[in-house]
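What follows is a single structure, written as structure tokens, with notes after it.
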Amino acid sequence: CAASAGLTEEQKEFQKVALDFATKEMAPHMAEWDEKEIFPVETMRKAAQLGFGGIYVRPDVGGSGLSRLDTSVIFEALSTGCTSTTAYMSIHNMCAWMIDSFGNEEQRHKFCPSLCSMEKFASYCLTEPGSGSDAASLLTSAKRKGDTYILNGSKAFISGGGDTDVYVVMCRTGGPGPKGISCMVLEKGTPGLSFGKKEKKVGWNSQPTRAVIFEDCVVPVENRLGAEGQGFNIAMKGLNGGRINIASCSLGAAHASVLLAQEHLTVRKQFGEPLANNQYLQFRLAEMATRLVAARLMVRNAARALQEGREDAAVLCSMAKLFATDECFAICNQALQMHGGYGYLKDYAVQQFVRDIRVHQILEGTNEVMRMIVARNLLQV
């Protein structure tokens with residue numbers, strides 16, 4: 001199958017384990033999690049037992065120590081079973097990696113083991129009501145007071161917010177712009193930490209989304225990741241991996257949708273013959289498969305570049321996120337069209353893949369911002 005082409009035997013094994021888990025533990029519940037807005041904590045903990053709670057976190061703190069390419073393959077496979085749940089897991093993995101990479105030994109050993117086992121869950125807090133794409137203009141402030149910081153402000157659209165235990169928060173400790181931003185790790189239950197109402201979303205319903213609010217929230221200095229002023233750099237490095245992860249989730253949704261379309265075209269008859277005999281639909285299916293393979297190659301190429309620490313890694317991650325999330329949404333949408341009226345019914349999974357991956361073109365850096373990053377690199381402006 002094209003999804004395993006060019007992978008090592010070990011990577012094919014990871015892929016098989018993840019696909020089996022998606023088929024048995026996620027796909028049968030995907031519609032229910034969506035409809036009832038269930039955050040499937042126990043299912044995710046089962047996934048963590050397979051090593052999927054800290055995929056690219058180092059083994060000494062409970063991580064699997066795998067590569068960015070391994071991670072992409074795993075998230076693509078899991079996403080065929082439930083894109084929304086896998087997307088949350090990818091954010092959780094990004095938070096665990098940030099603590100593992102930028103935390104000191106004490107922080108790594110305090111937070112990472114329980115995140116890798118998914119005994120505890122993490123949220124990434126960068127976006128604010130007034131700063132989305134312009135992330136460096138964030139206003140949440142952290143004022144130093146003795147051996148603590150006092151946090152005030154709010155974050156918007158936080159995946160897992162209110163249900164998770166560990167919050168990786170970008171806040172302003174210094175002057176304006178990116179250099180004044182630092183990164184703090186907050187635990188649920190910290191006095192002054194509260195949450196907004198649960199948002200009603202088009203998709204991604206198996207994970208709660210809330211505002212996170214800080215009102216004179218007292219955070220010990222030892223909870224700061226890295227140095228003061230290093231926060232924006234940490235946030236962006238996390239997002240390079242996050243962009244590959246979210247693109248990988250789009251690949252899984254598109255792969256599943258192609259298979260659903262393929263099956264529907266074979267079974268459904270109109271004008272006295274299966275839809276699969278219609279050359280227009282054959283050609284559309286061929287285009288969908290071709291675009292999926294192209295997107296997959298771009299994502300995996302970016303994953304390798306990031307793993308190797310190549311200079312062009314950030315740009316390749318942006319290109320891959322832009323291309324894969326746009327193309328995969330178009331593929332899922334076309335698969336829905338091929339289902340005709342059935343595609344618009346919630347009894348059919350294709351509409352959920354469309355709803356769940358629509359937001360991948362917006363978060364982890366909008367696709368407009370991805371174009372800005374690529375253009376800036378090309379023109380050096």
Side-chain angles (χ1 to χ4, degrees), residues 1-27 43-83 85-87 89-90 92-94 96-97 100-101 112 115-118 240-259 262 288-310 312-313 316-317 320-321 323-324 327-328 331:
C1 136
S4 57
L7 299 181
T8 64
E9 287 311 308
E10 193 180 31
Q11 285 164 341
K12 286 178 187 171
E13 191 53 42
F14 299 144
Q15 186 182 49
K16 185 182 181 311
V17 169
L19 277 171
D20 284 350
F21 186 85
T23 306
K24 291 177 186 149
E25 303 285 344
M26 297 171 88
T43 303
M44 290 191 284
R45 285 180 180 148
K46 277 189 198 169
Q49 286 171 10
L50 300 173
F52 301 156
I55 302 174
Y56 52 112
V57 171
R58 284 174 279 178
D60 67 318
V61 287
S64 299
L66 299 183
S67 74
R68 299 311 185 114
L69 178 55
D70 302 336
T71 305
S72 172
V73 168
I74 288 165
F75 284 138
E76 178 181 352
L78 290 175
S79 186
T80 61
C82 179
T83 302
T85 305
T86 306
M89 288 173 65
S90 82
H92 170 91
N93 268 266
M94 178 176 76
W97 174 82
D100 179 41
S101 298
C112 291
L115 292 177
C116 291
S117 68
M118 285 186 141
N240 284 335
R243 284 164 186 162
I244 291 173
N245 295 344
I246 215 71
S248 304
C249 293
S250 288
L251 295 173
H255 188 171
S257 296
V258 167
L259 295 178
Q262 199 180 328
M288 287 155 70
T290 301
R291 284 151 74 181
L292 172 58
V293 170
R296 184 183 287 127
L297 289 171
M298 266 193 99
V299 172
R300 291 184 181 177
N301 178 53
R304 284 191 188 94
L306 191 59
Q307 185 63 35
E308 292 160 9
R310 277 171 28 202
D312 58 352
L316 289 173
C317 290
K321 195 269 184 184
F323 187 80
E327 290 297 322
C328 291
I331 290 166

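In this structure, L69 and Q307 have side chains that are not in contact, with every pair of non-hydrogen atoms separated by 4.5 Å or more. Under the 4.5 Å side-chain criterion, counting only non-hydrogen atoms from C-beta, R296 is in contact with L292. Residues W97 and I55 form no side-chain contact, since every pair of their non-hydrogen atoms from C-beta on lies 4.5 Å or further apart. By the 4.5 Å heavy-atom criterion applied to side chains, I246 and S90 are counted as neighbours. Residues F14 and L7 have side chains not in contact (no heavy-atom distance under 4.5 Å, counting atoms from C-beta outward). Proximity of N245 to M89: side-chain heavy atoms (C-beta onward) are nowhere separated by under 4.5 Å. T85 is not listed as a side-chain neighbour of T43, based on a closest heavy-atom distance of 4.5 Å or more. No side-chain heavy atom of V299 sits under 4.5 Å from any side-chain heavy atom of E76.
Across T80, L78, V73, a single residue satisfies side-chain contact (heavy atoms from CB on, under 4.5 Å) together with L19, and that is T80.
Distance alone, capped at 3.5 Å, places no donor-acceptor pair between the S79 side chain and the T86 backbone.
Taking each heavy atom of F75 and S248 in turn, the nearest pair found is CB-CB, 4.1 Å. The minimum heavy-atom distance linking S250 with A324 is given by the pair CB-O, 4.2 Å. A pairwise comparison of heavy atoms in R300 and S72 identifies CG-OG, 4.5 Å as the closest pair. Minimum heavy-atom separation, A320 to M298: CB-O, 3.7 Å. Residues M44 and M118 share a closest heavy-atom pair of O-SD, 3.3 Å. Closest heavy-atom contact between S4 and Q15: CB-OE1, 3.1 Å.
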- Query: Can you list the steps and then say if L251 with C328 is a side-chain contact (heavy atoms from CB on, under 4.5 Å)?
  - Reply: CA-CA 6 Å; L251 295 173; C328 291; 3.9 Å; yes
- Does the side-chain contact (heavy atoms from CB on, under 4.5 Å) test come out yes or no for I74 and L66, once each step is laid out? CA-CA 10 Å; I74 288 165; L66 299 183; 3.9 Å; yes
- Residues K46, F52; criterion side-chain contact (heavy atoms from CB on, under 4.5 Å); working and verdict: CA-CA 9 Å; K46 277 189 198 169; F52 301 156; over 6 Å; no
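Ion pairing between E9 and K12 holds under the 4.0 Å rule for side-chain N and carboxylate O.
Atom CG of D100 sits about 7.0 Å away from atom CG of D60, to the nearest 0.5 Å. Taking CD of E10 as the reference point, atom CG of D70 lies at 6.5 Å (rounded to 0.5 Å). Atom OG of S67 and atom CD of Q11 lie 5.5 Å apart (nearest 0.5 Å).
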